[in-house]
A.B. asks: 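Submitted below is the structure of interest, expressed as structure tokens.
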Amino acid sequence: MENWITRGVAAICACGSIALFWTFGVFLAVPWRENRMGSLNGVEWQVLGVPLLIGLAVTWGALHILAIADRAGRPRLYRVICVALAIASVLAVLSGMAWTGERIALARP
């Protein structure tokens, strides 16, 4: 029972990290689309950096919490979940970028 509670807490943290990566993708879409990633100003760096860094920290925390429940007893399951979380994080960034891209396309005449 304790392992399921620990897994539940890790899942909540993982969902939060995915939401942060989606937010990162939302704000990344405009400078990426305009091809000006090398010339971002300070505010844009903050807007991009906060969800990225906090998302990485929350993901790291979620994996450490999950390690308490599964790393020793089920190492293969732990590795599979780590890979799945990495894939879900990348997909969340792409999804956020697509969401913003659709809004930009709809706003143009």
A.B. asks: Can you list the other members of the hydrophobic cluster that holds Leu53, where links are side-chain heavy atoms under 4.5 angstrom apart?
C.D. replies: none

A.B. asks: Counting only heavy atoms not in Arg36 (residues, nucleotides, ligands), do more than 12 fall under 6.0 Å from its CZ?
C.D. replies: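 It does: Arg36 CZ has more than 12 such atoms within range.
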
A.B. asks: Count I, L, V, M, F, W, Y as connected when their side-chain heavy atoms are under 4.5 Å apart, and connections chain through other members. Are Trp45 and Phe27 then in the same cluster?
C.D. replies: yes

A.B. asks: Only counting residues at least two apart or in another chain, list the ones meeting side chain to side chain donor-acceptor pair (under 3.5 Å) with Ser89.
C.D. replies: none

A.B. asks: Rounded to the nearest 0.5 Å, what's the gap from CG on Leu52 to OG1 on Thr23? Could you check?
C.D. replies: 11.5 Å

A.B. asks: Should Phe24 and Val43 be regarded as members of a common hydrophobic cluster, given that ILVMFWY residues are connected when their side-chain heavy atoms come within less than 4.5 Å of each other, either directly or indirectly?
C.D. replies: yes

A.B. asks: Do Leu28 and Leu56 share a hydrophobic cluster (ILVMFWY, side-chain heavy atoms under 4.5 Å, transitive)?
C.D. replies: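 Same cluster.
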
A.B. asks: Can you name the side chain to side chain donor-acceptor pair (under 3.5 Å) partners of Arg7, sequence neighbours left out?
C.D. replies: Asp70

A.B. asks: Are Trp32 and Val47 grouped together when hydrophobic residues (ILVMFWY) are joined by side-chain heavy atoms under 4.5 angstrom apart?
C.D. replies: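 Same cluster: Trp32 reaches Val47 through Ile, Leu, Val, Met, Phe, Trp or Tyr contacts under 4.5 Å.
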
A.B. asks: Can you give the donor-acceptor pairs under 3.5 Å from side chains of residues 93-100 to other protein atoms, not counting sequence neighbours?
C.D. replies:
residue, atom, partner, partner atom, Å
Thr100, OG1, Val26, O, 3.0
Thr100, OG1, Gly96, O, 3.3

A.B. asks: List the atom of Ala62, the atom of Cys13, and the distance in Å for their closest heavy-atom pair.
C.D. replies: CB-CB, 3.6 Å

A.B. asks: Could you list who else is in Leu85's hydrophobic cluster, with ILVMFWY side chains joined at under 4.5 Å, directly or through other members?
C.D. replies: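 Grouped by the 4.5 Å side-chain rule, Ile18, Leu63, Leu66, Leu77, Tyr78, Ile81 form the rest of the cluster around Leu85.
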
A.B. asks: Rounded to the nearest 0.5 Å, what separates atom CD in Glu44 from atom CE in Met37?
C.D. replies: 9.0 Å

A.B. asks: How far does OG of Ser39 sit from CD of Glu34, to the nearest 0.5 angstrom?
C.D. replies: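 The distance works out to 9.5 Å.
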
A.B. asks: Linking directly or through intermediates, with side-chain heavy atoms under 4.5 Å: list the remaining ILVMFWY members grouped with Ile12, chain and number order.
C.D. replies: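 Its cluster partners, ordered by chain and number, are none at all.
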
A.B. asks: With a 6.0 Å cut-off (strictly less than), is the heavy-atom count around CG of Asn35, excluding the residue itself, greater than 12?
C.D. replies: no

A.B. asks: Closest heavy-atom contact between Ser17 and Gly55?
C.D. replies: CB-O, 3.7 Å

